[in-house]
Amino acid sequence: MALTNTPAWPQMPRYQTAGVATANSATDGSGTITALLAAGVNGTRITGLYAGASATVTTTTVRFFVSHNAGSNWTYLPHLEALIPAHTLTATTVNGGRVTVIDQNDPVDLFDLPPDAVLGFAIAVSIVGGQVIAVAMGADY
């Protein structure tokens, strides 16, 4: 994107989901990290980031990472992690394992990914019979 005096506003809405069931408790960028969203050619503004378990779970942490080389190397983003509480998922209960990492209604939380970035995530404790599903919302510039 060329630099101008005109403000650049996000143009194309994005909504991406990905799921993971196998734990990777490392915060050094090693192990399996699941790609969630690759930034658009002019970058992407992330306005919402959520995670939830699709099964009964013990407490686990969802951690987010960024890569600037298509997922070859990952950097842990300690300000983007959340604890998913232990809960039992049944047909007659509301899913208590949902967490908000970035609230789409709070403009203080949003952040921009540069064009070469990929946002990824991992969980600290494996999920049996389901997965943790992460959701990224935003828009491409």
Side-chain angles (χ1 to χ4, degrees), residues 1-4 6-141:
M1 174 183 340
L3 295 177
T4 69
T6 305
W9 302 105
Q11 303 291 314
M12 180 63 66
R14 297 283 302 274
Y15 184 93
Q16 295 289 135
T17 63
V20 65
T22 304
N24 173 12
S25 60
T27 58
D28 62 1
S30 64
T32 301
I33 296 170
T34 301
L36 176 59
L37 183 136
V41 297
N42 291 318
T44 299
R45 173 159 285 177
I46 303 296
T47 57
L49 197 55
Y50 306 90
S54 68
T56 296
V57 298
T58 58
T59 301
T60 188
T61 301
V62 59
R63 295 185 172 116
F64 291 86
F65 298 79
V66 67
S67 173
H68 294 283
N69 56 9
S72 295
N73 301 96
W74 293 95
T75 301
Y76 170 54
L77 302 171
H79 66 288
L80 295 180
E81 75 173 10
L83 194 63
I84 297 176
H87 71 280
T88 301
L89 187 63
T90 70
T92 59
T93 61
V94 174
N95 187 337
R98 300 169 304 192
V99 294
T100 299
V101 181
I102 294 176
D103 185 348
Q104 67 183 357
N105 297 310
D106 187 352
V108 172
D109 285 345
L110 56 82
F111 74 98
D112 293 324
L113 289 174
D116 66 342
V118 177
L119 183 65
F121 77 106
I123 57 174
V125 178
S126 292
I127 305 294
V128 177
Q131 57 187 345
V132 169
I133 301 166
V135 177
M137 301 168 61
D140 288 343
Y141 286 99

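Remark: side-chain polar atoms of Asn24 are paired, donor with acceptor, to backbone N or O of Ser30 under 3.5 angstrom. Counting only distance, with no hydrogens or angles, the side chain of Arg14 and the backbone of Ala38 share a donor-acceptor pair below 3.5 Å. Formation of a donor-acceptor pair under 3.5 Å by the Ser54 side chain with backbone atoms of Gln131 is found in this model. A donor-acceptor contact shorter than 3.5 Å links the side chain of Thr59 to the backbone of Ala86. Between the side chain of Ser67 and the main chain of Asn73, a donor-acceptor pair closer than 3.5 Å is present.
Side-chain atoms of Arg98 and Tyr50 include no donor-acceptor pair closer than 3.5 Å.
Within the model, atoms CG of Leu37 and OH of Tyr15 stand 12.0 Å from one another, a figure rounded to the nearest 0.5 Å. If you take CZ on Phe64 and CH2 on Trp74, they are separated by 11.5 Å, rounding to the nearest 0.5 Å. Expressed to the nearest 0.5 Å, how far CZ of Arg63 lies from CD1 of Ile33 amounts to 10.5 Å. The distance from atom CG of Leu83 to atom OG1 of Thr61, rounded to the nearest 0.5 Å, is 5.0 Å. Distance check: Leu36 CG to Thr17 OG1 gives 8.0 Å after rounding to the nearest 0.5 Å.
Across every non-hydrogen atom of Ala23 and Ser126, the tightest pair is N-OG, 2.9 Å. For the pair Val125 and Thr58, the tightest heavy-atom approach, listed with the atom from each and the gap, is CG1-OG1, 3.6 Å. The nearest pair of heavy atoms linking Ala35 to Val118 is CB-CG1, 3.9 Å. Here the closest heavy-atom approach between residue Ala21 and residue Gly130 is recorded as CB-O, 3.3 Å. Heavy atoms only, all atoms of each residue included: Tyr141 and Asp112 are closest at OH-OD1, 2.9 Å. In terms of heavy atoms, Phe121 sits closest to Ala18 at CZ-O, 3.5 Å.
Proximity of Ile46 to Leu113: side-chain heavy atoms (C-beta onward) are separated by under 4.5 Å at one or more points. A 4.5 Å side-chain heavy-atom check between Val132 and Ile84 finds at least one atom pair inside the cut-off.
Test Val41, Thr44, Asn42 against Asp140 for side chain to side chain contact (heavy atoms under 4.5 Å, CB included) and you get one pass: Thr44. Screening Thr100, Asp103, Val99, Leu119 against Leu49 for a side chain to side chain contact (heavy atoms under 4.5 Å, CB included) leaves a single residue, Leu119.
Ring orientation note: the planes of His79 and Phe111 are nearly perpendicular, at an angle over 60° on the 30°/60° scale.
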